[in-house]
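The next block holds one structure in the form of structure tokens; read it before the comments.
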Amino acid sequence: QVQLVESGGGLVQAGGSLRLSCAATGRTLSSYAMAWFRQAPGKERAFVAGISKSGSNTYYADSVKGRFTISRDNAPNTVYLQMNNLRPEDTAVYYCAAESRNILSARIEDYNYWGQGTQVTVSS
């Protein structure tokens with residue numbers, strides 16, 4: 001079983017950047033495909049970006065393509081989400097998630113493990 005802890009959230013002005021980190025303990029991160037989801041107030045949790053076990057495949061929600069980049073470094077057991085050109089509509093709690101089948105899914109139900117989330121607030 002893997003435990004996930006997100007960090008790096010905060011308050012930023014529109015147009016700014018943040019880098020989120022997701023650190024894994026308990027099992028090596030290379031055993032899992034990883035993803036970032038987000039949940040804005042009053043809205044359902046939604047897929048943001050995903051990355052395969054090896055890191056060779058990535059995929060993104062249309063709303064963040066060209067602005068966000070997901071990456072992983074299996075040596076320190078960490079997944080990152082680089083967020084550039086942030087917009088007020090990116091304001092949400094961001095969660096990282098892990099699944100072991102490497103199916104590159106955007107569906108919440110395909111992920112077995114979740115972090116506690118980190119708040120990102122973008123001011124206009």
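Along the sequence shown, residues carry numbers from 1. What you see below is based on every heavy atom in this structure, not just the backbone, and it leaves out hydrogens, waters and symmetry mates.
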- request: Please state whether the rings of Phe37 and Trp114 are parallel, tilted or perpendicular, taking 30° and 60° as the class boundaries.
  value: tilted
message: For Phe68, give me all partners under ring-ring contact (aromatic ring centres under 6.0 Å, His included), at least two apart in sequence or on another chain.
response: none
field: Whether Gln119 side chain and Gly10 backbone form a donor-acceptor pair below 3.5 Å
entry: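 A pair under 3.5 Å: no.
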message: Keeping Ser52 on the side-chain end and Asn57 on the backbone end, is there a donor-acceptor pair under 3.5 Å?
response: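 Indeed, once roles are kept as given, a pair shorter than 3.5 Å links the two residues.
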Going from [atom1] on [X] to [atom2] on [Y], what distance comes out if it is rounded to the nearest 0.5 angstrom?
X	Y	atom1	atom2	value
Lys43	Glu89	NZ	CD	8.5 Å
Met34	Ile51	CE	CD1	9.5 Å
Arg38	Met83	CZ	CE	9.0 Å
Leu29	Asn77	CG	CG	5.0 Å
Lys53	Arg101	NZ	CZ	10.5 Å
Tyr32	Leu4	OH	CG	8.5 Å

message: One pair to check against ring pair (Phe, Tyr, Trp, His ring centres under 6.0 Å): Phe47 and Tyr59. What are the steps and the verdict?
response: CA-CA 10 Å; Phe47 172 79; Tyr59 51 111; 5.1 Å; yes
[Y] and [X], any side-chain heavy atoms less than 4.5 Å apart:
X	Y	result
Ser100	Arg27	no
Asp90	Arg67	yes
Thr118	Val93	no

field: Hydrophobic cluster membership, Val2 vs Leu81, 4.5 Å side-chain cutoff
entry: yes
query: Linking I/L/V/M/F/W/Y whenever their side-chain heavy atoms sit closer than 4.5 Å, directly or via other members, would Tyr95 and Ile108 fall into one cluster?
result: yes
For the residue pair [X] and [Y], what are the closest heavy atoms and their distance?
X	Y	answer
Leu18	Gly8	CD2-O, 3.9 Å
Trp36	Leu20	CH2-CB, 3.7 Å
Tyr60	Thr69	OH-CA, 3.4 Å

field: Test side-chain hydrogen bond (donor to acceptor under 3.5 Å, both in side chains) applied to Ser105 - qualifying residues, sequence neighbours left out
entry: Asp110
message: Please evaluate residues Ser17 and Gln82 with respect to the criterion side chain to side chain contact (heavy atoms under 4.5 Å, CB included), reporting the C-alpha separation (whole Å), side-chain torsions for both, the decisive distance (0.1 Å), and the verdict.
response: CA-CA 8 Å; Ser17 298; Gln82 178 66 43; 4.0 Å; yes
task: Check the surroundings of atom CD in Gln13: do more than 12 heavy atoms from other residues, nucleotides or ligands lie under 6.0 Å from it?
output: no
message: Among residues at least two apart in sequence or on other chains, which ones pass side chain to side chain contact (heavy atoms under 4.5 Å, CB included) with Ser124?
response: Pro88
field: Full working for side chain to side chain contact (heavy atoms under 4.5 Å, CB included) between Val12 and Thr121
entry: CA-CA 6 Å; Val12 64; Thr121 303; over 6 Å; no
- prompt: Which is it for Cys96 and Val79 under the side chain to side chain contact (heavy atoms under 4.5 Å, CB included) test, yes or no, and what are the steps along the way?
  reply: CA-CA 8 Å; Cys96 69; Val79 173; 6.0 Å; no
Going by atom types only, do [X] and [Y] share a side-chain donor-acceptor pair under 3.5 Å?
X	Y	result
Thr78	Asp73	no
Arg72	Asn74	yes
Tyr80	Arg19	no

